[in-house]
Protein chains: 2
Amino acid sequence: MKVISTHCISCKNRADIFSGLNDTELSKVNDARVGMHYSHGEIIFKQGSPCHDFVCVTSGLVKCFVEGEDDKKIIIGFVRPVEYIFAPGAYIDKRHHFTAIACEETTVCLVATDVFQELVRSNHEFANEFIAKISNQTIDLCRQLTNLTQKQIPGRVAETLLRLSQIVYKKNPFTSCLSRQDMADMCGMTKESVVRALKTFKDEGIITVDGNQIHLLNVPMLETISKIG
Amino acid sequence: MKVISTHCISCKNRADIFSGLNDTELSKVNDARVGMHYSHGEIIFKQGSPCHDFVCVTSGLVKCFVEGEDDKKIIIGFVRPVEYIFAPGAYIDKRHHFTAIACEETTVCLVATDVFQELVRSNHEFANEFIAKISNQTIDLCRQLTNLTQKQIPGRVAETLLRLSQIVYKKNPFTSCLSRQDMADMCGMTKESVVRALKTFKDEGIITVDGNQIHLLNVPMLETISKIG
DNA sequence: CTTCAACGTTGATATAAATCAACGGTCTTA
DNA sequence: TAAGACCGTTGATTTATATCAACGTTGAAG
């Protein structure tokens, strides 16, 4: 078990939103904080369950997805250190509206939602950062809505590859711990379709695939494919 | 041209979020306010354009949709009086991320985003209401994401009918000014598919359709169809 | 009044993508 | 070591849905 920072004030894995807080405020956060460790595949919180805490990811990788009927999932995003997961139910019905699962060994701090809400009330800068965070999530969901409903398979897979490389892993040959099913859940399709699309891209020399390492050889081409759908 | 209230303090069409403001704050909003009138089909703001104002709908009906390539749209929601339209770009890139169009004769007040942001900073209650509003939008987008990607046509159309009746028009036989294409844009399908689905529902005695008036005869059945996809 | 464009509807056809099935590989677990 | 489960991959088949085409209606514009 990794040792996480003993106090928020000195924590180096602190999410940006806490930067504007003074020591008194940080102490309040620290008192409410619960450090947790999750192994690969473990559920951090589940859609529909009561929402008591915001989750700040201090190491590892977390995937968030909405669940429909019949075990179908749509991955709405990944959260890396040092970021926190905004739970939109905190202000509405105190329920989680998506599920969060650790993709690899992951440590997080849970902070009670009412501590967050108190900070939103008392610290304007914090409130602004908080709203900016939610806004980004909204913008992202809008983008996903068009991507998943208006593009066909090659476009969606291209988009997903670019996302993984540029936003999630921020590397070009990137090594992912995601299964084909995970990628399918990002694209809203079956894993077989993902495999076929990857194979096509590989045959066309646009990417190379070596196990879990994917190298995007022709990014402009992928961007074009993603754009024209 | 209808006369809108002359001052926010005495306005009867004020969105709920302004309820917690004192007269000084309301005056500030009033000074920044621009009343506008739009006819059926007119664009209030367009995706990608600079975002300077929040739009408060005082009469009529507004549809909001994200635009993809190739003229395809997904309607993400309708805004009725007395509600305002949250533009997520206001806190991020000062751009609109969806388009808003008047569905019928519509009056709105435009309020500069920085006035909103100032209120968020100075009034905690306002900030809370504001965040709750965005949270609801996020929850709704999550729901749409699963609906549009995981259900097939009958399920999506049933869902749309229930939405129109229960949330948008709040009536059971309801008369809608929406075209079949609009309904298709709500469901992420073609207008032909909508027509066929409505015909099937009609033949099965689940609904009646008379021009733009739709009567949901068997709501539980529609809910089942919506659920099982 | 006429013309044209957009809408609603229906049927026939094409096609994208899911499903089904099979197999080898890897990892876990008994 | 062996058994079972899951993953990745590929091919064959089915199916849901889009596309294409045609036509009557309505409403707006010239």
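Chain naming here is simple, since letters A, B, ... match the order of the sequence lines and numbering starts at 1 in each.
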What does the list of N/O pairs under 3.5 Å between the protein and nucleotides 26-30 of chain C look like, with a distance for each?
none

Rounded distance in Å - CG (B:Leu178) to P (C:dC7)
12 Å
Find the distance B:His40:NE2 to C:dC7:P and express it as a whole number of Å.
9 Å
Between A:Phe86 and A:Phe54, how do the two ring planes meet: parallel, tilted or perpendicular, split at 30° and 60°?
parallel
Identified side-chain contact (heavy atoms from CB on, under 4.5 Å) partner of A:His215 from the options A:Asn172, A:Ile207, A:Asp210, A:Val209
A:Asn172
Interatomic distance where CG belongs to B:Leu198 and P belongs to C:dC7 [whole Å]
16 Å
I need the CG-C1' distance between A:Asn212 and D:dG8, as an integer number of Å.
10 Å
The contact string for nucleotides 24-30 of chain D, one letter per nucleotide 5' to 3', using protein heavy atoms under 4.0 Å with B, S and - for base, sugar-phosphate only and none, comes out as -------
How would you summarise protein contacts on nucleotides 10-25 of chain C per nucleotide, using B for base, S for sugar-phosphate only and - for none, with heavy-atom distances below 4.0 Å?
BBB---SSSBBB----
How sharply is the helix from C:dC1-D:dG30 to C:dA30-D:dT1 bent, taking the axes over five pairs at either end and rounding to 10 degrees?
40°
Residues passing the side chain to side chain donor-acceptor pair (under 3.5 Å) test with A:Gln181, sequence neighbours excluded, are A:Asp185
Under the ring-ring contact (aromatic ring centres under 6.0 Å, His included) definition, can you give me all pairs with a residue in residues 153-174 of chain A, not counting sequence neighbours?
A:Tyr169-A:Phe174
Quick one: are the ring centres of A:Phe18 and A:Phe116 less than 6.0 Å apart?
yes
